[in-house]
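Beneath this line is the structure, given in structure tokens, with notes to follow.
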Amino acid sequence: MFNKRIKVKELLQTEITGQEVIVMGWVRTFRNNQFIALNDGSTNNNLQVVVALGLLNEDTLKRITTGASIKVKGEVVPSLGKGQKIELKAIAIEILGDSDAEKYPLQPKKHSLEFLREIAHLRFRTNTFGAVFRVRHALAFAIHKFFNEKEFVYLHTPIITASDAEGAGEMFRVTTLPIDGTAPKKEDGSIDFNEDFFGKSTNLTVSGQLEAELGAMAFSEVYTFGPTFRAENSNTTRHLAEFWMIEPEVAFADIEDNMNLAEAFIQYIISYVMEHNKEDLEFLDARLAEEEKQKPQNERQEFGLIEKLKFVVDNKFERITYTEAIEILLNSPAYKKKKFKYDVQWGIDMQSEHERYLVEKHFKKPVIVINYPAAIKAFYMRLNEGCETGRETVAAMDILAPGIGEIVGGSQREERYDVLLNKMKQFNIPEKEMFWYLDTRKFGTVPHAGFGLGFERMVQFVTGMTNIRDVIPFARTPKNCEF
RNA sequence: UCCUCAGUAGCUCAGUUGGUUAGAGCAUCUGACUGUUAAUCAGAGGGUCACUGGUUCAAGUCCAGUCUGAGGAGCCA
């Protein structure tokens, strides 16, 4: 019975009228006891089902409420009304699932994003979230397509790890030991993880990069795409405790190759969505424009959503060194007028306000910043040669995007065994636990590079959604693990 | 974790210097209408004013604490 149904998206594209079809979906609105706006999630556009007077008995008519699921057999006819080309003249309607209109939280009216977040299990049924999650899907698909076309190997890195060496952030502990204080203890009173499931202390991964590097040392080109966890108590519009990350890792590559890959990658997946999710983007574009109208003039975005995406696809990203970035900031009117809260000088870790200035005010497009001071970056990043003493830099690269800040963080990796070992000592990384990582530098080491891209931040950028909790189906944030 | 703001009907909000029975729009329900597009028109129901305590003759309104949400910062992707 079900495979005979035609999807609303397909039906709306048809020019042929007169045929009899079966559609199923959820009622968005029922106007005038006569017009059903039916949606099945295949597109944001609703199918108008016309119910002739007297077709249904009073009881069935009453059960066609917002949120109810129905099956409609009908004839495709040219629409008499404006707003749609075709409509479905109902021959028979079957209620598949009732929806008590008095209790159903979604009403045929505008809802705030905050409210919809509280009913995340139902919010997919709204236009905005329908569009957002179809775009999210398309982006995910485009990512695999891009790497597959380039013959990268998709490497599944572990979700539970024993390494806490990277220092990317606070970690969630994974354990089967009791938490009521009865866990086995060592003589010094600390918990004895020898007795734990894995025989050692384990956590949820904060990054698959180190393992991806191992893969790159055999397949040349790999990428990971999976969930990542950070137990940071971050309460912002761009942080989640559970998020998805894409981490390509490429052997025989330097920082230059890395930048080229990241830029081509971002442009590819955005182009894919622009081509395949035109309607969704148009809806999100209009939604954003509406939202922008509420803001005071000086806070409004210069570009519309689609305009912005087009710009990113058509233009090269700006590429500057950290040193140049600092110079731009020092020479900026904002700095001279003391508009920055935090001081600027070579060696600082740039603050949000500084990154924002570079991207949104100065260049007005995505910016790749490379060669950061070694002291503020991770131990595995490659030390640049020929630096002034006291001004050592590493071959790191951050891509900053308007509106969300850092969207990509990457680097050329330190492939020289001695230099890496030295760095690990400086950063207090336990060599013993990291023997497997060091092994790659002992046995056939090669220059290599890679980066990490926060998937949700990418979805934010493409959809124009300002809160990261609205671009992941079920957000995990401090004090929130509903659904 | 820090700073700022907020929490009043199902939703979005108003509620004056503390003072009768806490309001509106939308949604819902009932009826009318029947080519509607956020349908329209008429009527009805709907409230532990986040929670706990305090000040006061009197608290939605003032004070303290707690919880929750939002925005920003830090951390980062």
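Because only heavy atoms are used, hydrogens play no part in the values below, and waters and symmetry mates are left out as well, while side chains stay in. All chains are named by letter (A, B, ...) in the order of the sequence lines, taking the proteins before the strands, and each is independently numbered beginning at 1.
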Problem - Base U36(B) to side chain N32(A), donor-acceptor N/O within 3.5 Å cut-off - result: no
Exercise for the section: Please state the P separation for the pair A24(B) and A42(B) - nearest whole angstrom. Expected result: 14 Å
Practice task
Determine the Euclidean distance between corresponding C1' atoms of U4(B) and A22(B); express it in Å to zero decimal places.
Solution key: 29 Å
Practice task
May I ask you to say what F243(A) touches in the nucleic acid, namely base, sugar-phosphate or nothing, with a heavy-atom cut-off under 4.0 Å?
Solution key: base
Problem - Spacing of the P atoms in G71(B) and G35(B) (rounded, Å) - result: 45 Å
Problem - Phosphate-side-chain proximity, Q351(A) and G74(B), N/O vs OP1/OP2 below 4.0 Å - result: yes
Practice task
Assign E102(A) to base, sugar-phosphate, or nothing according to its heavy-atom contacts below 4.0 angstrom with the strands shown.
Solution key: sugar-phosphate
Problem - R31(A) side-chain N/O to U36(B) phosphate OP1/OP2 under 4.0 Å - result: no
Exercise for the section: Answer with base, sugar-phosphate or nothing: what part of the nucleic acid does K82(A) contact at a heavy-atom distance below 4.0 Å? Expected result: base
Practice task
Mind running ring pair (Phe, Tyr, Trp, His ring centres under 6.0 Å) on F146(A) and Y272(A) for me, showing each step along the way?
Solution key: CA-CA 10 Å; F146(A) 174 83; Y272(A) 182 88; over 10 Å; no
Exercise for the section: Verify the contact: side-chain N or O of N233(A) to OP1 or OP2 of U1(B), cut-off strictly under 4.0 Å; return yes or no. Expected result: yes
Practice task
Would you indicate what Q48(A) reaches in the nucleic acid, counting non-hydrogen atoms under 4.0 angstrom: base, sugar-phosphate, or nothing?
Solution key: base
Practice task
Ignoring backbone atoms, establish whether R230(A) has a side-chain N or O less than 4.0 Å from OP1 or OP2 of G74(B).
Solution key: no
Practice task
Would you kindly say whether E213(A) and Y380(A) are connected by a side-chain donor-acceptor distance under 3.5 Å?
Solution key: no
Handout entry: Atom-pair distance (CG on N33(A); P on G31(B)), nearest Å
Key = 10 Å
Problem - R238(A) side-chain proximity, nearest of C75(B), G31(B), A70(B) - result: C75(B)
Exercise for the section: Mind telling me whether W346(A) and Y322(A) have parallel, tilted or perpendicular rings, with 30° and 60° as the class edges? Expected result: perpendicular
Exercise for the section: Check whether any side-chain N or O of T29(A) sits under 4.0 Å from OP1 or OP2 of U37(B), and answer yes or no. Expected result: no
Exercise for the section: Check whether the side chain of E87(A) and the base of G35(B) form a donor-acceptor pair under 3.5 Å. Expected result: yes
Exercise for the section: Could you give the distance separating G72(B) and G54(B) at their C1' atoms, to the nearest angstrom? Expected result: 33 Å
Handout entry: Distance in angstrom units between I119(A) CD1 and G69(B) P, rounded
Key = 16 Å
Practice task
For L53(A), answer base if it contacts any base atom (sugar-phosphate contacts may also be present), sugar-phosphate if it contacts only those atoms, and nothing otherwise; contact means non-hydrogen atoms under 4.0 Å.
Solution key: nothing
Exercise for the section: Sticking with atom P, work out how far G74(B) lies from U12(B), rounded to a whole angstrom. Expected result: 30 Å
Problem - Complementary nucleotide for U66(B) - Watson-Crick or wobble, under 3.5 Å - result: A50(B)
Handout entry: Between C49(B) and G31(B) - C1' atom distance, rounded Å
Key = 33 Å
Problem - Pairwise C1' distance for U20(B) and G15(B), with rounding to whole Å - result: 15 Å
Exercise for the section: Assess whether one donor atom and one acceptor atom, taken from the side chain of S234(A) and the base of C76(B), lie less than 3.5 Å apart. Expected result: no
Exercise for the section: Could you tell me how the ring of H111(A) sits relative to the ring of F115(A): parallel (under 30°), tilted (30 to 60°) or perpendicular (over 60°)? Expected result: tilted
Exercise for the section: Give K89(A) one of three labels, base, sugar-phosphate or nothing, depending on what nucleic acid heavy atoms sit under 4.0 Å from its own. Expected result: nothing
Practice task
Pick out which of F474(A), W26(A), F483(A) makes a ring-ring contact (aromatic ring centres under 6.0 Å, His included) with F124(A).
Solution key: F474(A)
Exercise for the section: With heavy atoms under 4.0 Å as the rule, sort Y342(A) into base, sugar-phosphate or nothing. Expected result: sugar-phosphate
Practice task
Please state how far atom CG in D349(A) lies from atom C1' in A73(B), giving the value in whole angstrom units.
Solution key: 14 Å
Exercise for the section: Just call it for R28(A): base, sugar-phosphate, or nothing, with non-hydrogen atoms closer than 4.0 Å on any strand. Expected result: nothing
Practice task
Return yes if the base of U1(B) and the side-chain atoms of N235(A) contain a donor-acceptor N/O pair under 3.5 Å, otherwise no.
Solution key: yes
Exercise for the section: Establish whether the base of C76(B) is bridged to the side chain of H239(A) by a donor-acceptor pair shorter than 3.5 Å. Expected result: yes
Handout entry: Candidate list F455(A), Y154(A), F265(A), test ring-ring contact (aromatic ring centres under 6.0 Å, His included), partner F225(A), passing option
Key = F455(A)
Practice task
Report which part of the nucleic acid N467(A) touches: base, sugar-phosphate, or nothing (heavy-atom distance under 4.0 Å, all strands).
Solution key: sugar-phosphate
Handout entry: Distance-only side-chain donor-acceptor flag, N371(A) / T321(A), under 3.5 Å
Key = no
Problem - Check: U28(B) base within 3.5 Å donor-acceptor of Q107(A) side chain - result: no
Practice task
Would you please confirm or rule out a distance under 4.0 Å between OP1 or OP2 of A70(B) and any side-chain N or O of R117(A)?
Solution key: yes
